[in-house]
Amino acid sequence: MSTFDYDLFVIGGGSGGVRAARVAAGEAGAKVALAEEDRYGGTCVIRGCVPKKLMVFASGYGGMVEEAIHYGWDMLNRGFDWQTFSGHLNTELDRLEGVYRKLLAGSGVTTYDARARLKDAHTVELSTGETFTAKHILVATGGRPLRPDMPNAHLGIVSDDIFHLDQLPKSILIIGGGYIACEFACILAGLGVEVTQYYRGAQILRGFDDEARGLIAESMRELGVDLHTGTNIVEMDCYRGEDDDGMDAPVEATQYAMPAKDAPQEGPLKVKSTNGHVKVFDQVLFATGRRPNSDDMGLEEVGVTLKRGGAIEVDAYSQTKVPSIYAIGDVTDRVNLTPVAIREGMAFVDTVFHGNPTPVDHDLIPSAVFTQPELGTVGLTEEQARDQEEIEVYCTSFRPMQSAFADKPGRVLMKLIVSKKTRKVLGCHIVAPGAGEMIQMAGIAIKMGATKEDFDRTVAVHPTMSEEIVTMRKPMRTA
Ligand code: NDP
C-alpha cells in the first residue's frame with residue numbers, strides 16, 4: 001500500500017502533462033492527479049498551435065479567392081469578418097478543452113483547477129489550500145511570451161492576446177524574427193492588416209537554412225509585409241494626436257481615431273525605431289521569445305535546479321536533481337514543440353511506470369513554420385552541415401504550377417543536404433504551400449538514414465511540387 005495520496009501528481013494541463021497523466025493512469029494503472037490553473041490544453045490548444053493554425057487557414061482564403069477567379073470561378077470577396085471567425089474559434093477552443101477534460105476523466109485522472117507549487121520533494125500545495133503527497137511529481141507548466149525589458153512594453157500585445165482581440169487592428173508592428181513573429185506577420189497580412197515587422201538581426205528565422213530564410217523573407221514582402229531587418233524598437237508610447245510632442249517628429253500618422261488623453265491603453269501607439277523613424281501603429285506585437293513557467297513554484301527551495309532563463313534542468317530521462325521530481329516540455333527549454341513535449345511525457349511514463357528507462361530522442365525532429373508559404377525542415381542546415389563534413393547541396397527553386405497559372409509571383413524551394421562520405425541525407429528544407437505536410441513524410445526517410453540514392457530510387461509523383469525532391473540529379477554545389 002502506497003503511503004502517498006497519489007503515485008503521480010502532474011502540474012500543468014498542456015499537451016505534455018495531459019498525455020503523461022492519461023498514459024500513467026490509463027495504461028500503467030497509476031493513481032494520478034493533475035492540477036491546472038488556467039484552461040486545459042495549454043499553450044498548444046488554447047493560445048498556440050491550434051488557434052494559430054485556424055488563423056493560418058482563415059488568412060489563406062483571401063488569396064484563394066483571387067486565385068479561384070483566375071481559374072474561372074465567378075466569386076466576390078467581400079472581405080474578412082473577425083467577429084465571425086473569432087466566435088467560431090472560441091466555440092472550437094471550448095470544444096477542445098472539453099475533450100481534454102473528458103480524456104483525463106476517462107483515464108481516471110483526478111483534476112484540480114488550481115495553481116500548484118512544491119512544498120517538498122513529494123508534496124504539492126494547491127492555491128485552494130489543499131496539499132497532496134505523491135511518489136512522483138511531474139512539472140509540465142510550459143512557457144509564456146516574454147516582452148522585452150523596455151519602458152511601456154506593457155502597451156504592446158503578445159501572441160496570447162491575438163486570439164482575444166475585439167477587432168483586428170488596421171495596422172500592426174511586429175517585433176521579432178522567430179516562428180511567432182513570422183507566422184503572425186503572414187496571418188495578419190493575409191487578413192488585410194497593414195503589417196510592419198522589425199527584426200534586429202540581418203535575416204529572419206535565425207537557425208534555419210539560410211536559403212530558406214531568404215525565400216521566406218522575399219515571400220513575406222510579396223505578401224505585403226513591410227519587413228525591416230537590422231531594425232529594432234527603441235521607445236514606444238501612446239499616440240495622442242497630431243499635437244503629440246512626446247517623441248521626435250516626423251510621425252507618420254494617418255487615419256486613426258484619437259483616444260482621449262486619459263485612456264492610454266486604448267488606441268494607437270507611436271514607436272521610435274533604431275533607424276530613427278517614429279511611426280504610429282494601431283498595435284504593437286512583441287514576438288520576442290518565451291520564458292519557462294518556473295517562477296514561484298518552490299522549485300529551487302526543494303532542490304530542483306534552474307538554468308539561465310528559468311528552465312528546469314533535467315537529464316535525458318527528464319529527471320531533475322530531485323529524484324522524485326521530473327519535468328517535461330517547454331518548462332525544460334529543450335526543443336519547444338508540442339509533439340516533443342508529448343514524446344517526453346510518454347518517455348517519462350515508460351521510465352517511471354513501466355520500468356523501461358527511455359531517454360528522449362531529440363535528433364532529427366521535423367518541424368514547420370506556418371508562414372505563407374510554409375517552411376518545412378528536418379536535420380542540418382547547409383551552414384551546420386558544411387561545418388561538420390564535406391557535403392553536396394541539391395537544390396531547386398521554381399514557380400509552382402498552381403500559382404504560376406494564376407500569375408502569382410511566389411517561388412518554392414526544395415533542398416537536400418547530402419553527406420559526401422556516407423551519402424546520407426543530412427537535411428531537407430522545403431519552402432512551399434503544404435511544406436509542413438511534406439516534411440513529415442521526408443522526415444521518416446531521413447530518420448531511417450536514407451541516402452541520396454534511396455531518394456533517387458523513389459519514383460516521382462507527378463505532377464506535384466514535391467516530386468523535385470526525388471528528381472534532383474546534380475548537386476547545385478559542394479562545400
Ligand atoms: P523565437 O526564440 O523563435 O524568436 C524570438 C525572436 O525575438 C527572435 O527573432 C529574437 O531575435 C527576437 N528577440 C528576442 N529578444 C528581443 C529583444 N529584446 N528585442 C528584439 N527582438 C528580440 O521565439 P518565438 O516567440 O517566435 O517562439 C518561441 C518558440 O515557440 C519557438 O522557438 C518554437 O520552439 C515554438 N513555436 C513553434 C511553432 C511551430 O512549430 N510552428 C510556432 C510558434 C512557436 P534573435 O534571433 O536576434 O535572437
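Residue numbers count from 1 along this sequence. Whatever order the structure lists them in is the order used to number ligands and atoms, beginning at 1.
- Salt-bridge annotation for Asp330 and Arg144: absent, with no side-chain N of the basic residue lying under 4.0 Å from a carboxylate O of the acidic one.
- Inspection of the His362 and Glu344 side chains reveals an N or O donor paired with an N or O acceptor under 3.5 Å.
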Which side-chain N or O atoms in residues 435-448 pair as donor and acceptor under 3.5 Å with protein atoms at least two apart or in another chain?
residue, atom, partner, partner atom, Å
Lys447, NZ, Asp361, OD1, 3.4
Lys447, NZ, Asp361, OD2, 2.6
Lys447, NZ, Asp363, O, 2.9

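- Of all the listed residues (Asp330, Ile233, Thr288, Leu146), Thr288 holds the heavy atom that lies closest to atom 21 (N) of ligand 1.
- Near Pro148, with a cut-off below 4.0 Å to any heavy atom, the atoms of ligand 1 are 18 (N).
- With distances taken over non-hydrogen atoms, the option nearest atom 47 (O) of ligand 1 out of Glu183, Arg200, Lys53, Arg290 is Arg200.
- Considering backbone and side-chain N/O of Ile180, one or more are found under 3.5 Å from N/O of ligand 1.
- Neither side chain, Arg200 nor Thr274, offers a donor N or O lying under 3.5 Å from an acceptor on the other.
- Salt bridge Arg47/Asp38: present, at least one basic N to carboxylate O contact under 4.0 Å.
- Listed by number with element, the atoms of ligand 1 under 4.0 Å from a non-hydrogen atom of Lys52 are 41 (N), 42 (C).
- Note on Arg95 versus Glu92: salt bridge recorded, some NZ/NE/NH1/NH2 to OD/OE distance being below 4.0 Å.
- Nearest protein neighbour of atom 48 (O) of ligand 1, counting heavy atoms only, is Arg206 NH2, 2.8 Å.
- Aromatic ring orientation, Phe85 versus Phe80: tilted (interplanar angle from 30° to 60°).
- For Lys52 and Phe370, the positive end is not near the middle of the six-membered ring at less than 6.0 Å and at most 45° from its axis.
- Atom CG of residue Leu337 and atom SG of residue Cys44 lie 10.0 Å apart, to the nearest 0.5 angstrom.
- Among Asn232, Ile204, Asp333, Asn336, the residue whose heavy atom sits closest to atom 19 (N) of ligand 1 is Asn232.
- Using a non-hydrogen distance threshold of 4.0 Å, Ala368 registers as a contact of ligand 1.
- Remark: Glu313 engages Thr305, Lys307, Lys321 in a side-chain contact (heavy atoms from CB on, under 4.5 Å) (not counting sequence neighbours).
- No N or O atom of Ile175 sits closer than 3.5 Å to an N or O atom of ligand 1.
- Of all the atoms in ligand 1, the ones that sit under 4.0 Å from a non-hydrogen atom of Gly177 are 6 (C), 8 (C), 9 (O).
- Considering backbone and side-chain N/O atoms, Gly178 comes within less than 3.5 Å of an N/O atom of ligand 1.
- Residue contacts with ligand 1 include Gly289, since one of its heavy atoms falls under 4.0 Å from the ligand.
- In this structure, Met150 does not count as a contact residue of ligand 1, since none of its heavy atoms falls inside 4.0 Å of the ligand.
- Among protein heavy atoms, the minimum distance from atom 31 (C) of ligand 1 is reached at Tyr179 CD1, 3.4 Å.
- Ligand 1 has an N or O atom lying under 3.5 Å from an N or O atom of Ala287, backbone or side chain.
- Nearest-heavy-atom check against atom 40 (O) of ligand 1 across Val335, Leu337, Ile174 picks out Leu337.
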